[in-house]
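Beneath this line is the structure, given in structure tokens, with notes to follow.
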Amino acid sequence: MHETWNLRTTPNPLIRAVGRGLERWNARHPWDHNAHFHRWILRSLPDRPTRMLDVGCGRGALLAQLAARAQQVEGIDPDPGMARAAAALVEGLPGARVHRRTLAEHAALPEAASAYDAVIMVASLHHQDLERALSQARALLQPGGHLLVVALVRPTSLPDHLWDLINALSNPLIGLVEHPRPVRRAELPGPVPMPVRDAGTTMALLRAQARADLPGAVIRRREGFRVTLRW
């Protein structure tokens, strides 16, 4: 049953009606699911890092925070709008640079091999081939370096769907805490839109690939429909 039933796609009219109500609530009390994990990233960094890489840096919000922690931070993003927005945000910050390129292109640079104390991916892993991305990220790390990932996965198993349900119910509560004042439509900002893609990687596949490439990696289901990986 759990292989075919999916909370996100079920035609059940009652569940769809509840879903529409939750969507209206979430729109009035929005919260940034990715920025929510920036605190986890900052807490998980190695002591006194000198060089860090943010893969899929988006508009650069995390990159700007990382710039206060290390001598050199680099953000890469293949999307031209994201790269421009991130570069504008960190302009003037010492040691902060943004490159418009993919992880594969960055990993192919000879000077990037084993160069980083930390490699970070926030909601960018599912835009890439899982096996290649984890392998490339590992190759960029210095011995003892940290790989920190905030990922989205596609629910397939019964535990996946139960966790999806818990997230659907907790999401509006977190939104109320993070953004207690209801937002009116006219108040919504209009930044450069983030590229969006549905997750294809499953939790089982992520765990299996981590066992093969990142022995000892800690993977946890988290709030906001996210999963964290720390290695």
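For clarity, every value in this text was computed on a predicted model and none was experimentally measured.
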Measure from the side-chain N and O atoms of Asp77 to the backbone N and O of Ala83, and report whether any donor-acceptor pair falls under 3.5 Å.
no
Validation row: Val227, Ile219 side chains within 4.5 angstrom (heavy atoms)
yes
What is the distance from atom CZ of Arg84 to atom CG of Leu89, rounded to the nearest 0.5 Å?
15.0 Å
Non-neighbouring partners of Ser114 that pass side chain to side chain contact (heavy atoms under 4.5 Å, CB included), sequence neighbours left out:
none
Which pairs pass side chain to side chain donor-acceptor pair (under 3.5 Å) with one or both residues in residues 132-142, sequence neighbours excluded?
none
Distance col, row Leu206:CG vs Arg154:CZ, nearest 0.5 angstrom, shows 13.0 Å
Heavy-atom closest pair (Ser124 atom, Met121 atom, distance to 0.1 Å) is OG-CB, 3.4 Å
The reported gap from OG1 in Thr201 to CG in Leu130 (rounded to nearest 0.5 angstrom) is 4.5 Å
Between CG on residue Leu66 and CD on residue Gln72, distance to nearest 0.5 Å:
12.5 Å
Do any N or O atoms from the side chain of Asn34 and from the backbone of Val122 form a donor-acceptor pair under 3.5 angstrom?
no
Co-membership, hydrophobic cluster, residues Leu53 and Leu109, 4.5 Å side-chain
no
Counting only N and O atoms by type, is there a donor-acceptor contact under 3.5 Å from the side chain of Arg69 to the main-chain atoms of Leu42?
yes
Hits for side chain to side chain contact (heavy atoms under 4.5 Å, CB included) against Ala96, two or more places apart or cross-chain, chain-then-number order -> Ala67, Val73, Val90, Leu93
Met82 vs Arg59, test: side chain to side chain contact (heavy atoms under 4.5 Å, CB included). Steps then yes/no.
CA-CA 5 Å; Met82 293 296 98; Arg59 303 187 192 101; 4.1 Å; yes
Donor-acceptor pair, Arg39 side chain versus Phe37 backbone, under 3.5 Å?
no
Quick one: does Ile41's side chain get under 4.5 Å of Leu62's, heavy atoms only?
yes
For Ala210 and Leu134, which heavy atoms make the closest approach, and how far apart are they?
N-CD1, 4.5 Å
Listed partners of Glu131 passing side-chain hydrogen bond (donor to acceptor under 3.5 Å, both in side chains), at least two apart
none
Nearest 0.5 Å, what's the CG-CD1 distance between Leu148 and Ile120?
5.5 Å
Test of understanding: with ring-ring contact (aromatic ring centres under 6.0 Å, His included), list the residues that count as partners of His106, not counting sequence neighbours.
Tyr116
Side chain to side chain contact (heavy atoms under 4.5 Å, CB included) between Leu147 and Leu214, worked out
CA-CA 9 Å; Leu147 175 61; Leu214 309 170; 3.7 Å; yes
Kindly say whether Pro215 contributes a backbone atom to a donor-acceptor pair with the side chain of Trp231 at under 3.5 angstrom?
yes
List the residues meeting side chain to side chain contact (heavy atoms under 4.5 Å, CB included) with Arg221, not counting sequence neighbours, and say none if there are none.
Pro159, Asp160, Trp163, Met203
Name all residues meeting the salt bridge (Lys or Arg N to Asp or Glu O under 4.0 Å) criterion together with Arg97; count only those two or more places apart in sequence or in a different chain, and write none if there are none.
Glu74
Listed partners of Leu162 passing side chain to side chain contact (heavy atoms under 4.5 Å, CB included), at least two apart
Leu158
Listed by chain and number, what are the side-chain hydrogen bond (donor to acceptor under 3.5 Å, both in side chains) partners of Gln209, not counting sequence neighbours?
Asp213
Filter on ring-ring contact (aromatic ring centres under 6.0 Å, His included), then keep only pairs touching residues 52-78, sequence neighbours left out; what's left?
none
Heavy-atom nearest pair, Val98 first then Cys57, reads CG1-SG, 4.3 Å
How long is the span from the CG atom in Leu152 to the CZ atom in Phe225, to the nearest 0.5 Å?
10.0 Å
Taking ring-ring contact (aromatic ring centres under 6.0 Å, His included) as the cut-off, I'd like each qualifying pair that reaches into residues 198-223, sequence neighbours left out, listed once.
none
Looking only at non-hydrogen atoms, find the nearest pair between Asn167 and Arg222 and report the distance.
OD1-O, 3.4 Å
Do any pairs count as a salt bridge (charged side-chain N to carboxylate O under 4.0 Å, His left out) and have a residue in residues 99-121, sequence neighbours left out, and if so which ones?
none
For Ala137 and Leu103, the nearest pair of non-hydrogen atoms, with its separation, is N-CD2, 4.5 Å
